[in-house]
Amino acid sequence: MAQRRDARRNRARLLDAAREVFQESGAGAPLDLVARRAGVGRGTLYRNFPDRIALLAALFEERVVELEDLVAAYEGDDVFERLIAEYCRYELAMPGFGAVLSGFGLLGHPALEQLDEATGRLLARALERSVRAGVLRADLRAGDAPMIAAMLNGVLMSHRGDGASEALGRALELVLDGIRAPERVGAAMPEPIPGAVP
């Protein structure tokens, strides 16, 4: 029993440490930094997460669950805009995660495929809800949602460093005005969803 508690505690410490290290240094930071920040050895790290993809997938899984909860609790009709804005905030806070979330070069990894599907379903539900409410263009389809996220991710991947935030903010403005109902073009950018953590 104590061993299981220790194992759970070590896993939680590793995830907390990874979140901090990746926010500071990007998703490509050495995994040894994660182990040191968590106060555990390399063996403990690799017992819990055999490779970088497994560690990133665990962080993404937490994030997807958090976003599902936020979307379920959010009552506004602009839920898709809010969700996409949260996606962008997270991408800026965790440099390099978008490549994993989109599956670039990593297709075939079961954990990532499941997360990609879950994210696609979440985006599609939010899009359909906003279309039904009339705040987005009526011709949008559920399959457009992951494409919109991928386009924004492409902007982020091509703008590293100091210019990333400005470029992504501008791209988000353009994308939102492209999908909004005509009478909402030019509306204010979405504020962060209350309770969301980058």
Side-chain angles (χ1 to χ4, degrees), residues 1-74 83-123 146 149-150 152-165 168 192-198:
M1 184 72 138
Q3 278 186 322
R4 278 198 296 260
R5 264 200 310 272
D6 287 345
R8 284 196 300 270
R9 188 164 46 246
N10 283 338
R11 180 181 169 83
R13 286 164 63 186
L14 283 163
L15 287 172
D16 289 342
R19 199 175 299 107
E20 292 173 7
V21 168
F22 294 155
Q23 283 179 341
E24 293 165 8
S25 306
L31 295 186
D32 283 352
L33 288 179
V34 174
R36 282 202 298 275
R37 180 74 60 93
V40 302
R42 288 172 53 115
T44 299
L45 169 65
Y46 289 110
R47 270 195 304 278
N48 281 276
F49 306 104
D51 54 31
R52 181 181 306 276
I53 305 308
L55 180 55
L56 291 172
L59 288 173
F60 271 126
E61 184 175 10
E62 285 187 344
R63 183 60 173 172
V64 169
V65 169
E66 179 190 59
L67 288 176
E68 285 173 342
D69 292 344
L70 287 168
V71 167
Y74 185 71
L83 181 58
I84 285 294
E86 288 303 316
Y87 170 83
C88 291
R89 288 179 67 231
Y90 189 63
E91 288 297 296
L92 287 170
M94 295 282 200
F97 267 40
V100 178
L101 187 61
S102 300
F104 295 147
L106 297 167
L107 294 174
H109 192 289
L112 289 175
E113 286 189 347
Q114 290 173 2
L115 286 170
D116 193 50
E117 290 169 8
T119 303
R121 287 193 300 271
L122 176 63
L123 289 167
L152 291 167
N153 186 57
V155 171
L156 185 63
M157 291 179 70
S158 63
H159 291 79
R160 302 285 185 184
D162 295 339
S165 179
L168 191 59
I193 296 178
V197 180

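Values in this document were obtained by computation on a predicted structure and should not be read as measured data.
Residues passing the side chain to side chain donor-acceptor pair (under 3.5 Å) test with Glu61, sequence neighbours excluded: none.
Listed here is the closest heavy atom pair of Ala17 and Val34: CB-O, 3.5 Å. Contact record, Ala118 with Val64: CB-CG1, 4.1 Å, taken as the closest heavy-atom pair. The two atoms that bring Gly120 and Pro146 nearest to each other are CA-CG, 4.2 Å, heavy atoms only.
At a threshold of 4.5 Å between non-hydrogen side-chain atoms, the residues Arg63 and Glu86 count as touching. A heavy-atom distance below 4.5 Å is not found between the side chains of Leu67 and Tyr87. Put simply, the side chain of Asn48 does not reach to within 4.5 Å of the side chain of Leu55, judged on heavy atoms. No side-chain heavy atom of Leu83 sits less than 4.5 Å from a side-chain heavy atom of Tyr74.
Note that CG of Leu45 is 10.0 Å distant from CG of Asp51, once rounded to the nearest 0.5 Å. Remark: Ser25 OG to Leu33 CG distance equals 6.5 Å, nearest 0.5 Å.
Remark: the backbone N or O of Ala27 is paired with a side-chain donor or acceptor of Arg52 at under 3.5 angstrom. For Arg11 (side chain) and Phe49 (main-chain N/O), no donor-acceptor pair under 3.5 Å exists by modelled atom type.
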For this session: Evaluate the side chain to side chain contact (heavy atoms under 4.5 Å, CB included) criterion for residues Leu123 and Ile84: first the C-alpha distance (whole Å), next the side-chain angles of each, then the deciding distance (0.1 Å), finally the verdict.
Result: CA-CA 8 Å; Leu123 289 167; Ile84 285 294; 3.9 Å; yes
Problem set entry | Residue pair Asp69, Glu66: steps toward the side chain to side chain contact (heavy atoms under 4.5 Å, CB included) verdict | CA-CA 5 Å; Asp69 292 344; Glu66 179 190 59; 5.8 Å; no
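Under the 4.0 Å criterion applied to side-chain N and carboxylate O atoms, Asp16 and Arg13 are not assigned as salt-bridge partners.
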